[in-house]
A.B. asks: 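Just passing along the structure, written as structure tokens.
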Amino acid sequence: MTRPYLRRILTLLFAVVTAMSAYAQDNSNFELGVRGNVLLGSGKPANDILGFGVIGRYMLSGGWFVGAAIDSYTYDFERPARILGIAQDPALSAIDANADSAVFSGSFGRLYNETDRGFDWFWSVGLGFATPNVDDVSGPTDSVGNFDITFDVGNEIHMMGAIGTSYNFSESWSASFTARLEHQFMDILITDRVTGNTSKIDSQSIHGASFSLNYRF
């Protein structure tokens with residue numbers, strides 16, 4: 001991700017990690033990890049959404065926890081010309097638009113069978129706030145002419161649910177696999193500058209998984 005807000009994300013992340021590290025000198029209930037994400041959609045607007053992120057978790061009493069995450073995603077906005085009812089040149093492969101998104105999220109959940117070594121499992125629910133971006137795209141139609149598509153993209157709210165398992169190598173280190181389900185409230189207006197055709201996308205439901213490496217301190 002190369003957009004200007006990446007620097008702000010990293011600055012915020014550094015501040016959060018620094019504050020957590022300072023607090024953790026007298027408290028071992030924090031967990032910090034890095035994760036890879038693979039999310040799958042229906043193709044309107046995306047089929048596969050790949051990303052990475054940083055996650056944090058603070059353990060409360062009785063196995064309950066609260067968490068936070070910052071994730072960066074890249075994906076193809078699938079065939080925007082088709083969404084607008086425009087047939088592209090069939091001699092070419094599908095023309096997609098490049099897209100990316102940063103997602104800030106918070107969650108709470110419950111951890112079961114917590115051990116220093118071995119498996120435990122957990123569930124969580126949460127909300128996310130996303131700042132997506134989609135690049136303009138153009139190409140030839142199936143007749144003489146071209147399409148020239150632009151996107152007006154608003155911020156998004158994501159409802160999230162997850163269930164997963166962790167393997168604890170020691171008191172400090174663990175690896176987690178998490179199955180995820182999300183419903184994303186979107187605000188995307190697609191416009192072809194040539195024909196004036198427009199279409200709007202207001203939501204999508206996606207599912208997928210994450211794998212993370214975690215350190216508890």
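When a residue number appears, it is its place in the shown sequence, counting from 1.
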A.B. asks: Quick one: sort the Trp123 and Phe108 rings into parallel, tilted or perpendicular, breaks at 30° and 60°.
C.D. replies: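 Geometry flag for Phe108 against Trp123: perpendicular rings.
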A.B. asks: In terms of hydrophobic clusters joined by side-chain contacts under 4.5 Å, are Val125 and Leu181 together?
C.D. replies: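 No, separate clusters.
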A.B. asks: To the nearest 0.5 Å, how far apart are OG in Ser205 and CD in Gln184?
C.D. replies: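 Between Ser205 OG and Gln184 CD, I get 8.5 Å after rounding to 0.5 Å.
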A.B. asks: Measure the spacing between CH2 of Trp121 and CZ of Arg110 and express it to the nearest 0.5 Å.
C.D. replies: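 Answer rounded to 0.5 Å: 9.0 Å.
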A.B. asks: Does the side chain of Asp142 come within less than 4.5 Å of Asp89's, by heavy atoms?
C.D. replies: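 Contact flag for Asp89/Asp142 side chains = no.
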A.B. asks: Do the non-hydrogen side-chain atoms of Met160 and Ser107 ever get within less than 4.5 Å of each other?
C.D. replies: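 No, side chains not in contact.
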A.B. asks: Specify the closest pair of heavy atoms between Asp120 and Asn113, including all atoms of both residues, with the distance to one decimal.
C.D. replies: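 Distance-wise, the nearest heavy atoms are CB-O, 3.2 Å.
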A.B. asks: Where do Pro132 and Tyr75 come nearest, in terms of heavy atoms and distance?
C.D. replies: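 Looking at all heavy atoms of both residues, the shortest contact is CB-OH, 4.2 Å.
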A.B. asks: Using a 4.5 Å cut-off on heavy atoms from C-beta on, say whether the side chain of Val54 contacts that of Leu32.
C.D. replies: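 Counting from C-beta outward, Leu32 and Val54 do come under 4.5 Å.
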A.B. asks: Between Asn37 and Ser210, do the side chains contain a donor N or O and an acceptor N or O under 3.5 Å apart?
C.D. replies: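 Short answer, yes.
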A.B. asks: Given side chains that start at C-beta, do those of Asp76 and Asn98 come closer than 4.5 Å, heavy atoms only?
C.D. replies: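 Counting from C-beta outward, Asp76 and Asn98 do come under 4.5 Å.
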A.B. asks: Show your reasoning for whether side-chain contact (heavy atoms from CB on, under 4.5 Å) applies to Thr191 and Asp152.
C.D. replies: CA-CA 8 Å; Thr191 303; Asp152 183 5; over 6 Å; no
A.B. asks: More than 12 heavy atoms of other residues, nucleotides or ligands under 6.0 Å from CZ of Arg79: yes or no?
C.D. replies: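 Check fails, neighbour count at 12 or below.
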A.B. asks: Measuring from atom CD1 of Ile188 to atom CD of Gln204, what distance do you get when rounded to the nearest 0.5 angstrom?
C.D. replies: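 Taking CD1 in Ile188 and CD in Gln204, the distance rounds to 7.5 Å.
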A.B. asks: Show the nearest heavy-atom pair for residues Glu78 and Ala46, with the distance to one decimal.
C.D. replies: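 So the two residues come closest at CG-CA, 4.0 Å.
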A.B. asks: Run the side-chain contact (heavy atoms from CB on, under 4.5 Å) test on Asn155 and Phe129 for me, step by step, so that the C-alpha distance in whole Å, both residues' side-chain angles and the decisive distance to 0.1 Å come before the verdict.
C.D. replies: CA-CA 7 Å; Asn155 295 326; Phe129 175 79; 3.5 Å; yes
A.B. asks: Can you tell me how far the CD atom of Glu182 sits from the CE atom of Met159, to the nearest 0.5 Å?
C.D. replies: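 Reported value, rounded in 0.5 Å steps: 11.0 Å.
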A.B. asks: Side chains of Thr150 and Asp136: do they bring a donor and an acceptor to under 3.5 Å?
C.D. replies: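 There is such a pair between these side chains.
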A.B. asks: I'd like to know if Trp64 and Val66 are part of one continuous hydrophobic network [Ile/Leu/Val/Met/Phe/Trp/Tyr, side-chain heavy atoms within less than 4.5 Å].
C.D. replies: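 Yes.
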A.B. asks: Looking at CG of Asn47 and CG of Leu40, how far apart are the two atoms once the value is rounded to the nearest 0.5 Å?
C.D. replies: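 So the gap between those two atoms works out to 8.5 Å.
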A.B. asks: For Phe177, check ring-ring contact (aromatic ring centres under 6.0 Å, His included) against everything at least two apart and list the hits.
C.D. replies: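 Checked Phe177 against ring-ring contact (aromatic ring centres under 6.0 Å, His included); zero matches.
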A.B. asks: How are the rings of Phe185 and His183 set relative to one another: parallel (under 30°), tilted (30 to 60°) or perpendicular (over 60°)?
C.D. replies: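 The rings of Phe185 and His183 stand perpendicular, inter-plane angle above 60°.
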A.B. asks: Carefully, step by step, assess Phe77 and Val137 under the rule side-chain contact (heavy atoms from CB on, under 4.5 Å).
C.D. replies: CA-CA 10 Å; Phe77 194 110; Val137 65; over 6 Å; no
A.B. asks: Group every Ile, Leu, Val, Met, Phe, Trp and Tyr by side-chain heavy-atom contacts under 4.5 Å, then state whether Leu127 and Met186 land in the same group.
C.D. replies: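 Cluster IDs for Leu127 and Met186 differ.
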A.B. asks: With the side chain counted from C-beta on, respond yes when Phe147 and Ile95 share a heavy-atom pair under 4.5 Å apart, and no when they do not.
C.D. replies: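 Answer yes - side chains close enough.
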A.B. asks: Does any part of the side chain of Thr178, heavy atoms only, come nearer than 4.5 Å to the side chain of Ile163, both counted from C-beta?
C.D. replies: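 A side-chain contact is absent here, since even the closest heavy-atom pair is not under 4.5 Å.
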A.B. asks: Treat each ILVMFWY residue as a node, draw an edge where side-chain heavy atoms are under 4.5 Å apart, and state whether Phe122 and Ile55 are in one component.
C.D. replies: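 In one cluster with Phe122: Ile55, no.
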A.B. asks: Please tell me if the side chains of Ser124 and Phe65 come closer than 4.5 Å, counting only heavy atoms from C-beta onward.
C.D. replies: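 Yes, side chains in contact.
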A.B. asks: Which heavy atom in Arg180 sits nearest to a heavy atom in Tyr73, and how many Å separate them?
C.D. replies: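 Heavy-atom minimum between the residues: NH2-OH, 3.3 Å.
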A.B. asks: Is it the case that Ser166 and Asn214 place a side-chain donor and acceptor less than 3.5 Å from each other?
C.D. replies: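 No donor-acceptor contact under 3.5 Å links the two side chains.
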A.B. asks: So, do Asn146 and Ser138 sit near enough that their side-chain heavy atoms are less than 4.5 Å apart?
C.D. replies: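 Contact flag for Asn146/Ser138 side chains = no.
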A.B. asks: With rounding to the nearest 0.5 Å, note down the distance linking OG1 in Thr195 to CG in Asp148.
C.D. replies: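 Going from the OG1 atom of Thr195 to the CG atom of Asp148 covers 10.0 Å.
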A.B. asks: Test of understanding: clusters of I, L, V, M, F, W, Y form through side-chain heavy atoms closer than 4.5 Å, transitively. Do Trp173 and Phe119 belong to the same one?
C.D. replies: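 Yes, same cluster.
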A.B. asks: Please name the pair of heavy atoms, one in Ser93 and one in Gln88, separated by the smallest distance, quoted to 0.1 Å.
C.D. replies: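 Nearest heavy atoms, Ser93 then Gln88: O-NE2, 3.0 Å.
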A.B. asks: Quick one, Phe52 with Ser72, criterion side-chain contact (heavy atoms from CB on, under 4.5 Å). Give me CA distance, side-chain angles, the key distance, then yes/no.
C.D. replies: CA-CA 6 Å; Phe52 65 93; Ser72 172; 4.1 Å; yes
A.B. asks: For a quick test of reading the model, state the closest non-hydrogen atom pair linking Ser199 to Ile83 and the distance between them.
C.D. replies: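 Nearest pair, atom of Ser199 first, then Ile83: OG-CG2, 3.6 Å.
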A.B. asks: Looking only at side-chain N and O atoms, does Ser174 offer a donor or acceptor that is under 3.5 Å from a partner on Arg216?
C.D. replies: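 There is no such pair (donor and acceptor under 3.5 Å, judged by atom type) between the side chains of Arg216 and Ser174.
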